[in-house]
Amino acid sequence: MKRDFIDEVTWRGMVHDLMPGTQEHLNEGPRVAYVGIDPTADSLHIGHLVGVMMLRHFQLAGHKPVALLGGATGMIGDPSGKSQERNLLDEETLRHNQNALKHQLSKFLDFKTEDENSAQLVNNYDWMKDFSFLDFIRDVGKHITVNYMMSKDSVKKRLSSESKDGMSFTEFTYQLVQGYDFLHLYRTQDCTLQMGGSDQWGNITTGTELIRRIDQGKGFALTCPLITKADGTKFGKTATGNIWLDPDKTSPYKFYQYWINTSDEDAEKFIKIFTFLTKEDIEALVRSHKEEPHLRALQSKLADEITATVHSKEALEKAKEASQVLFGKSTEEDLAKLDEATFLDVFEGVPLKELNKDLLENGLDMIAALSAETNFLKSNGEARRALKENSISVNKTKVGLDYVLTESDLINGKYVLINKGKKNTYLIKFD
RNA sequence: GGGGAGAUACUCAAGCGGCCAACGAGGACAGACUGUAAAUCUGUUGGUUUUACCUUCGCAGGUUCGAAUCCUGCUCUCCCCA
């Protein structure tokens, strides 16, 4: 029996706004829905994941999901976003990104099924590139009034005097270009639903409006809430940047760590959105977490599930092993017990710098080891500060300003493990 | 085209001739406490050969013993009027 899509995403807390009649419409039979994704990089980051999960639930309910890459719209940037000027991607880059994204999407969506509801990937660049400006304003622009466009929140905000920046004509036009995508998919794929983040509501309704006015059709809209964290910081970002799905951009270890660090407040919300666990399973987990919060069952399950899906079971195991070594009660002796292969495996993805063993002969002072020789820290001043703050440890033992690295610090005769605080790890290999 | 306001470190935002590497807030990082959570308290937050020096306050010049602060030109942004 197919699940009811709307019921499913509703209990998961993934619905922010819903056009009336959507559920009935979907229940009438298999439908087609799409989510837009900007192909500005050759990898998705976890901020994209909500939309992807929506598509997957949609597919599981027997409908056909379409992922739309905004090759055209991505060059513009909509007015509500904090996004700065976008760069025009050349076609080669665009195709490269498209392939990479498809590979990642295929971990969630089924593209190959023989069934009607195989997922599909389209790129609006393909139908926008030859659409001339004159054609566009005649065929599309004519049907929407500026008054209508100005009533959108994203536009109003930029027009109000509180806004520090003006809005370019290009940004103003964004909703029309995006709206046209919906119309195009409506015509070519019989696509009747667009989903997206709550900030997309205005753009989506411009699309349904175009469908209504030009084709006298009916399009539907569903938005999910913006994912927020309880502490107010941006979801999916760390100081060093986005959390990417690409293992070369964000190592599986770091990826795993991001999820395991989820706060209690957020964990329950996230596990509903980012895993496919059933309602019963999640409720059981929440109960056990409340009884024994220090075990962090929720965070652990969340991190396990999503790391295994995005990367692999093997990658997950390694990430957990590394976490165990780095955050468990392990000591220098434990480190020494690891053979070299395991050792390297465990620390895969940790910044590693190779240095000449000669440096150790007269001892290598910590400031040089942290900064000058390795660039782990930006400057000698920063290294000195960190040492003064008592935040540096060598092989899991705290060291001070006067510590000097010698051969006796080497693990397996080659490695030195350096930590700054609990969460930053660096590795030096002496050859 | 006319008038007005503005550009300071990651962000916001003081400073308006020396005491300014630049108040304050947020963020970030670290320490304590914990559960790799939250909250809280503490410290740090341009660089170096660190009681001193160097580079930084939109850009380029100038005045001055001395400028983020004064003058000139330029660039960019916002607002109001036409």
Side-chain angles (χ1 to χ4, degrees), chain A residues 79 82-85 156-169 171 228-243 251-271 285-286 288-304 307 316 319-330 346-347 349-351 365-368 370-373 375-394 396-402 417-426:
Chain A
K82 296 94 211 140
S83 49
Q84 296 297 308
E85 194 90 66
K156 265 197 286 194
K157 211 185 296 166
R158 289 289 291 275
L159 252 30
S160 77
S161 45
E162 300 139 48
S163 166
K164 255 181 105 186
D165 305 300
M167 179 178 49
S168 72
F169 176 71
E171 288 173 291
T228 54
K229 294 204 294 176
D231 61 6
T233 59
K234 264 203 194 115
F235 170 76
K237 291 248 183 190
T238 64
T240 40
N242 288 324
I243 303 293
S251 69
Y253 165 74
K254 279 216 189 108
F255 187 87
Y256 178 82
Q257 281 291 322
Y258 184 81
W259 295 102
I260 204 90
N261 271 303
T262 305
S263 69
D264 287 6
E265 257 178 292
D266 294 327
E268 186 177 340
K269 181 165 77 183
F270 288 180
I271 202 165
L285 275 169
V286 170
S288 86
H289 183 267
K290 284 199 173 123
E291 275 162 32
E292 299 180 286
H294 58 282
L295 294 180
R296 296 184 302 130
L298 276 175
Q299 284 92 335
S300 167
K301 188 71 179 166
L302 171 66
D304 281 9
T307 306
L316 169 65
K320 289 174 85 161
E321 203 176 329
S323 303
Q324 196 52 44
V325 172
L326 287 169
F327 294 103
K329 300 223 165 43
S330 60
V346 162
F347 293 113
V350 163
D365 70 279
M366 285 312 292
I367 291 174
L370 284 166
S371 166
E373 296 292 343
N375 288 323
F376 290 154
L377 301 183
K378 279 200 288 292
S379 66
N380 289 358
E382 200 172 313
R384 187 170 293 124
R385 202 180 301 131
L387 286 161
K388 229 183 275 173
E389 284 170 344
N390 196 30
S391 60
I392 300 296
S393 22
V394 169
K396 308 222 71 169
T397 309
K398 292 276 183 196
V399 298
L401 251 174
D402 49 358
L417 179 71
I418 298 179
N419 284 83
K420 172 169 172 274
K422 276 188 256 194
K423 292 177 186 175
N424 303 290
T425 305
Y426 313 96

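Chain identifiers are assigned alphabetically (A, B, ...) following the order of the sequence lines, protein sequences preceding nucleic acid strands; residue numbering begins at 1 within each chain.
- When the C1' atom is compared between B:A7 and B:A52, the two are found 33 Å apart, to the nearest whole Å.
- Between B:C29 and A:Ser391, no contact under 4.0 Å exists linking OP1 or OP2 to a side-chain N or O.
- A donor-acceptor pair shorter than 3.5 Å can be found between the side chains of A:Ser371 and A:Asn380.
- Of the candidate nucleotides B:G47, B:U36, B:G35, B:G35 has the atom nearest to the side chain of A:Gln299.
- At the heavy-atom level, A:Asp266 lies nowhere under 4.0 Å from the strands shown.
- The phosphate of B:A38 has neither OP1 nor OP2 within less than 4.0 Å of any side-chain N or O from A:Ser263.
- At a threshold of 4.0 angstrom between heavy atoms, the contacts of A:Gly381 include nucleobase atoms, whether or not backbone atoms are also involved.
- Between the P atoms of B:A67 and B:U56, the separation comes to 12 Å (whole Å).
- Rounded to a whole angstrom, the distance from the C1' atom of B:A25 to that of B:G35 is 31 Å.
- Residue-level contact check: A:Lys229 touches neither bases nor backbone, having no heavy atom under 4.0 Å from any strand.
- Between the side chain of A:Glu382 and the base of B:U45, no donor-acceptor pair of N or O atoms lies under 3.5 Å.
- Distances shown here put every side-chain N or O of A:Lys422 at or beyond 4.0 Å from the OP1 or OP2 atom of B:G31.
- Nucleotides B:A13 and B:G26 have their P atoms positioned 16 Å apart, rounded to a whole Å.
- With both ends at atom C1', the span from B:U49 to B:U36 equals 38 Å, rounded to whole Å.
- Relative to the side chain of A:Asn380, the nucleotides B:U49, B:U36, B:G35 differ in distance, and B:U49 lies closest.
- Using P as the reference atom, B:C79 and B:G31 are 46 Å apart when rounded to the nearest Å.
- The side chain of A:Asn261 sits closest to B:U36 out of B:G47, B:U36, B:A30.
- Between the A:Lys398 side chain and the A:Asn390 main chain, a donor and an acceptor come within less than 3.5 Å of each other.
- The listed nucleotides are B:U45, B:G35, B:U36; the one nearest the side chain of A:Arg385 is B:U45.
- Using the six-membered ring where Trp is involved, A:Tyr426 and A:Phe376 have ring planes that are parallel, under 30° apart on the 30 and 60° scheme.
- Note that CD of A:Gln299 and OH of A:Tyr256 are 10.5 Å apart. Values are rounded to the nearest 0.5 Å.
- As rounded to the nearest Å, B:C71 and B:C78 have P atoms that lie 25 Å from one another.
- Remark: B:A67 base-pairs with no nucleotide; criterion is Watson-Crick or G-U wobble with both hydrogen-bond distances under 3.5 Å.
- Atom C1' of B:G46 sits at a distance of 24 Å from the matching atom of B:U42, rounded to the whole Å.
- Looking at the side chain of A:Lys423, the nearest of the listed nucleotides B:A37, B:G35, B:G43 is B:A37.
- In this structure, A:Lys420 does not reach the B:U44 phosphate: none of its side-chain N or O atoms is under 4.0 Å from OP1 or OP2.
- Regarding A:Glu268, its CD atom lies at a distance of 17 Å from the P atom of B:A38, rounded to whole Å.
- Toward the 5′ end of RNA chain B lies the nearest nucleotide of A:His289, the other residue of the pair A:Ser371 and A:His289 mapping further downstream.
- At the phosphate of B:A30, neither OP1 nor OP2 sits under 4.0 Å from any side-chain N or O atom of A:Asn390.
- Contact check, A:Arg384 against B:G47: no side-chain N or O comes under 4.0 Å of OP1 or OP2.
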Test A:Lys254 against A:Ile243 for side-chain contact (heavy atoms from CB on, under 4.5 Å), laying out the working first.
-> CA-CA 8 Å; A:Lys254 279 216 189 108; A:Ile243 303 293; 5.8 Å; no
